[in-house]
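Keep in mind that the numbers below use all heavy atoms, side chains included, and drop hydrogens, waters and symmetry copies. By convention in this document, chain letters (A, B, ...) are assigned in the order of the sequence lines, proteins followed by strands, and residues within each chain are numbered from 1.
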There are 2 protein chains.
Amino acid sequence: MELLKLSNQLCFPLYALSRKITGHYLPLLDKIGLTYPQYLVMLVLWEENGLSVKELGQKLMLDSGTLSPLLKKMEDRLLLTRKRLKEDERVVIISLTETGEALKENASRIPEEIKCSLELSYQELEQMRSLATGMLDKLNQIELVRSN
Amino acid sequence: MELLKLSNQLCFPLYALSRKITGHYLPLLDKIGLTYPQYLVMLVLWEENGLSVKELGQKLMLDSGTLSPLLKKMEDRLLLTRKRLKEDERVVIISLTETGEALKENASRIPEEIKCSLELSYQELEQMRSLATGMLDKLNQIELVRSN
DNA sequence: TAAAATTAAATTGTATAAAATTTAATTACA
DNA sequence: TGTAATTAAATTTTATACAATTTAATTTTA
């Protein structure tokens with residue numbers, strides 16, 4: 001088999017599919033004024049408010065270089081606040097404002113709308129979700145092992 | 001089920017996994033002086049040389065806003081040439097140079113090295129590849145239908 | 001056939017990503 | 001206890017993504 005063929009790569013369909021699905025989110029997220037990574041930040045904060053930048057970064061697998069400017073923009077839009085922790089001034093705690101909390105209501109229909117927009121079966125979506133989650137966990141595990 | 005939980009999203013593991021796997025390519029691609037999207041461009045051109053920017057964009061699902069500057073950088077590195085087609089001056093044809101062709105040799109071990117680096121089973125990789133490819137095809141099909 | 005519509009790239013503007021460096025704060029330990 | 005090491009964010013730099021606009025070339029069609 002020709003290993004350097006695009007169609008034989010794992011990386012490419014994953015990369016293209018991820019961008020494609022993000023594309024399906026855009027018109028929906030536009031309505032509530034969020035970008036896709038900003039939406040992911042909100043998902044995390046709606047679940048658990050008051051996380052540090054580091055904790056957010058761990059959950060989303062993004063570093064401060066990505067999160068810092070993004071969170072600043074979201075602060076400007078009054079979705080959240082950034083406050084340094086008194087006990088350790090290095091730590092910045094991100095908390096939702098009322099506006100940010102309230103946005104959850106407006107976002108509540110997005111998961112169903114996406115499922116509809118994608119026109120993929122529940123089986124297919126669930127199979128992909130569990131496969132991707134499993135692979136992600138394994139790769140994160142490898143990183144842990146290699147860094148020790 | 002709480003639909004707005006990060007762990008219940010399809011989008012997130014896919015997005016994170018895609019970035020994670022790209023991350024595994026970086027040290028390998030660094031050795032041959034390519035970025036990840038540049039590697040994808042080379043994969044396409046190694047298979048079929050002399051494509052237009054549009055054709056490259058269709059295969060990689062990237063638009064000219066992404067490809068134009070990227071291709072210019074690759075031209076500067078003498079990996080490829082950009083020439084306007086005589087019959088239709090709007091079309092720019094991308095052709096590998098000898099340097100670009102020769103780079104294929106240096107890239108030949110990357111697929112195996114990646115497989116090794118990922119430490120995932122062949123079954124898992126193949127299942128993901130075929131699932132992702134299938135979903136991608138369906139989504140592209142939807143786009144075609146919706147645009148007509 | 002000349003103006004209108006279409007097409008292909010390039011450009012512009014905004015928003016990520018991520019490596020590397022810097023800054024400030026905290027902790028460890030000789 | 002004071003310096004070294006570590007840690008958390010922010011900043012800087014480079015490189016995508018992609019929507020929207022512009023430019024130039026080609027086709028369509030009234």
Check the orientation of A:Tyr39 and A:Tyr25. Use parallel for under 30°, tilted for 30 to 60°, and perpendicular for over 60°.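 Aromatic pair A:Tyr39/A:Tyr25 classed tilted.
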Rounded interatomic separation in angstrom, taking [atom1] from [X] and [atom2] from [N]:
X: B:Tyr36; N: C:dA19; atom1: OH; atom2: C1'; answer: 19 Å
X: B:Leu67; N: C:dT11; atom1: CG; atom2: P; answer: 14 Å
X: A:Leu40; N: C:dA17; atom1: CG; atom2: C1'; answer: 13 Å
X: B:Leu26; N: C:dA18; atom1: CG; atom2: P; answer: 8 Å
X: A:Leu60; N: C:dA18; atom1: CG; atom2: P; answer: 12 Å
X: B:Leu56; N: C:dA10; atom1: CG; atom2: P; answer: 11 Å
X: A:Tyr15; N: C:dA18; atom1: OH; atom2: P; answer: 13 Å
X: A:Met74; N: C:dA15; atom1: CE; atom2: P; answer: 13 Å

Reading DNA chain D in the 5' to 3' direction, which nucleotide is the first one with an atom under 4.0 Å from a heavy atom of chain B, and which is the last?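 It runs D:dA15 to D:dT26.
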Determine whether [X] and [Y] make a side-chain contact, defined as any pair of heavy atoms from C-beta on separated by less than 4.5 Å.
X: A:Asn49; Y: A:Glu101; answer: yes
X: A:Glu48; Y: A:Glu55; answer: no
X: B:His24; Y: B:Ile114; answer: yes
X: B:Lys138; Y: A:Glu124; answer: yes

Inspect the contact between A:Glu75 and A:Arg82 and indicate whether a charged nitrogen and a carboxylate oxygen are less than 4.0 angstrom apart.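 Yes, charged N to carboxylate O under 4.0 Å.
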Strictly below 4.0 Å, N to O, side chains only: are B:Glu112 and B:Lys115 in salt-bridge contact?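 No, B:Glu112 and B:Lys115 are not salt-bridged.
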Tell which nucleotide pairs with D:dA30, taking only Watson-Crick or G-U wobble pairs whose two distances are both under 3.5 angstrom.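 WC or wobble partner is C:dT1.
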Whether B:Arg82 contacts C:dA10 is assessed here as follows: a side-chain N or O lying under 4.0 Å from the phosphate OP1 or OP2. Is that the case?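 Yes, such a contact exists.
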Does a side-chain N or O of B:Ser64 approach OP1 or OP2 of C:dT11 to a distance below 4.0 Å, or not?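 No, outside the criterion.
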Let me know, please, whether B:Thr22 or B:Val53 comes out on the 5' side of the other along DNA chain C by nearest nucleotide.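 Nearest nucleotide further toward 5': that of B:Val53.
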Starting from the 5' end of DNA chain C, give me the residue, A:Gly65 or A:Thr35, whose nearest nucleotide shows up first.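 Whichever sits nearer the 5' end wins; that is A:Thr35.
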For B:Asp88 and for A:Asp88, locate the closest nucleotide of DNA chain D by heavy-atom distance; then report the residue assigned to the nucleotide nearer the 5' terminus.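 By nearest-heavy-atom nucleotide position, the 5'-most residue is A:Asp88.
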Residue whose nearest DNA chain D nucleotide is more 5′ - B:Pro37 or A:Ser52: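 Its nucleotide being nearer the 5' end, the pick is A:Ser52.
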Would you classify A:Leu70 as touching base, sugar-phosphate or nothing, given that sugar-phosphate means primed atoms plus P, OP1 and OP2, and contacts are heavy atoms under 4.0 Å?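 If one applies the 4.0 Å heavy-atom cut-off, A:Leu70 turns out to touch the sugar-phosphate alone, with no base involved.
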When we call it a touch if two heavy atoms are under 4.0 Å apart, what does B:Glu87 touch: a base, just sugar-phosphate, or nothing?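 Sugar-phosphate, no base atom in range.
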